[in-house]
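A quick write-up on the structure given underneath.
We're numbering straight along the sequence, starting at 1.
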Amino acid sequence: MSTARRIENSILTILTIVGAALWIFPLYWAFVTSIRSEDRVVSEQAGLIPDEFNLASYIDVLFNTRLLNWYMNSIVTSVIITVVVIVSGMMCAYALSQMRFPGRRLLYGVVLASFMVPTQALVVTQFILMNSLGFINTWAGIILPQLIVPVVIIVYKQFFDAVPKEMREAVVLDGGGEYTLLFKVYLPLNWGITTALAIITFIMAWNQFLWPFLVVTTEDMMTIPVGITQVNDAFGVFYARLMSVALLGAMPVALAYLVFQRRVTEAVMISSGVKG
C-alpha cells in the first residue's frame, strides 16, 4: 500500500471516529444527566464524566407516571400498523404486478402520485374524519391514518415484477391459485424484504409524534413520544427525569435497531432508492 493511500485511509478513519463521537455525544450526555440528582444536574460542578450513579429519576418515572400505559399504547399501535401495512401492501402489490384488471395502471399511478402529497397536508381532514367517527382518544384513531405507506407497495411490486413468469405458470399448471402463489411461493422468496420493511415500519410508527399528539388528549391513551411531553409538563423542567423517560422510551427502538441493523439498513436503502 502506497504512502498516499495510507494517509488517505488514516484521514478517513479519523473523520469517521470524530463523526461517530459527535453523533453519540447527545446520547451519552442524556445518560449521564439521567443518573444524576436534579441538584447535581444544574450545579456548576457537573462535568462530562459521571460523578454519581443515582437511579431516583428512573424510579420516579416508572412509578409516578403512566410510562407502562404509554409503552402498551405504543406497542399495540405500532404492531398493528406494521402487520396491516405489510400484509395489505404485499397483497396490493401482488395484484398490481401479477393480476390483470380494469384500472390497474390508474391505481398504480395513484399510488405513485401519493408521494407528492405530504402527510402534514392531510392532518386537518384526517382529524375531522376521526372525530366524526368517534375515534378521538382511541387506538383506532391513532392507527387508521398511519396505514397508508405507498413505499411498501412499490417495493413489493418491484420484487414481484422480477420473479420469473415460468415459476407462476408452473404453480398454475399444478392447480395453485392466487393464494398459493402469494403466500406459499412469492412470500417465502422475499422474507428478507418483508423483514426489512416490517422493522422500518415499526420504528416509524413507534417514533410518530404529530398525529398521536393531535388525536389523543387523555394521558392514559398517549404513546411514548407524546407521553414524554407530559412528564415535562407534570414535573416542570427536571432534566434528570426528562432524560430518563426519553431513554426508556427510545430503548425498544434502539434494541430493535441493534438486533436487526443489517435489515434496517437494507430497508432504508430500498426506500431511498424508490423515493429517488
Side-chain angles (χ1 to χ4, degrees), residues 16-79 81-82 120 137-139 141-143 146 199-261 264-265 268:
T16 301
I17 294 173
V18 171
L22 291 175
W23 182 89
I24 203 173
F25 178 76
L27 297 178
Y28 168 79
W29 186 247
F31 173 73
V32 171
T33 301
S34 69
I35 59 173
R36 284 174 169 161
S37 63
E38 296 292 347
D39 293 336
R40 186 64 177 174
V41 169
V42 297
S43 69
E44 296 181 356
Q45 288 73 32
L48 295 177
I49 307 301
D51 48 6
E52 63 176 324
F53 192 77
N54 191 333
L55 297 179
S57 59
Y58 286 95
I59 296 172
D60 199 358
V61 165
L62 286 171
F63 293 101
N64 295 327
T65 69
R66 295 180 178 269
L67 182 65
L68 298 181
N69 249 47
W70 302 336
Y71 262 121
M72 178 61 66
N73 295 332
S74 288
I75 291 172
V76 171
T77 56
S78 298
V79 168
I81 290 170
T82 301
Q120 292 82 358
N137 292 319
T138 64
W139 283 343
I142 299 174
I143 293 169
Q146 299 187 62
I199 294 169
I200 202 70
T201 302
F202 178 85
I203 293 175
M204 291 172 60
W206 183 278
N207 289 333
Q208 184 65 246
F209 174 79
L210 178 60
W211 177 249
F213 178 76
L214 295 174
V215 79
V216 173
T217 59
T218 59
E219 195 170 335
D220 61 323
M221 289 301 301
M222 291 178 178
T223 57
I224 284 288
V226 181
I228 292 174
T229 64
Q230 298 306 302
V231 171
N232 191 32
D233 291 339
F235 297 106
V237 187
F238 290 158
Y239 299 104
R241 292 190 182 102
L242 191 57
M243 291 300 101
S244 299
V245 72
L247 290 174
L248 290 173
M251 188 182 301
V253 173
L255 292 176
Y257 179 80
L258 290 175
V259 174
F260 302 104
Q261 182 177 0
V264 174
T265 304
V268 171

| query | If you measure from CG on N73 to OG1 on T138, what distance do you get to the nearest 0.5 Å? | reply | 10.5 Å
| remark: Smallest heavy-atom separation, I224 atom then G249 atom, equals CG2-CA, 3.4 Å
| Taking every non-hydrogen atom, the tightest pair across A56 and N54 | N-OD1, 2.8 Å
| request: Name the orientation class of the two ring planes belonging to F213 and F209 (parallel below 30°, tilted from 30 to 60°, perpendicular beyond 60°). | output: parallel
| Can you check whether V216 reaches N137 side chain to side chain, under 4.5 Å on heavy atoms? | yes
| query | Between F202 and W206, what is the ring plane arrangement, given parallel below 30°, perpendicular above 60°, and tilted in between? | reply | tilted
| query | Between A205 and Q146, which heavy-atom pair has the shortest distance, and what is it? | reply | CA-OE1, 4.1 Å
| Do L248 and L62 come close enough that some side-chain heavy atom pair is under 4.5 Å? | yes
| With a 4.5 Å heavy-atom cut-off, do V245 and T65 have their side chains touching? | no
| query | Out of curiosity, N64 CG to S57 OG, how far, rounded to the nearest 0.5 Å? | reply | 11.5 Å
| remark: In this structure, CG of L247 is separated from OG of S34 (nearest 0.5 Å) by 5.0 Å
| query | Quick one: CD1 on I142 to CH2 on W211, what's the gap to the nearest 0.5 Å? | reply | 10.0 Å
| note | Output for pair (S78 OG, I143 CD1), nearest 0.5 Å, gives 9.0 Å
| Flag, side chain of T229 to backbone of V226, donor-acceptor distance under 3.5 Å | yes
| request: Answer yes or no: is there a side-chain heavy-atom contact under 4.5 Å between I228 and W70? | output: no
| query | Measuring from F63:CZ to L68:CG, what's the distance to the nearest 0.5 Å? | reply | 8.5 Å
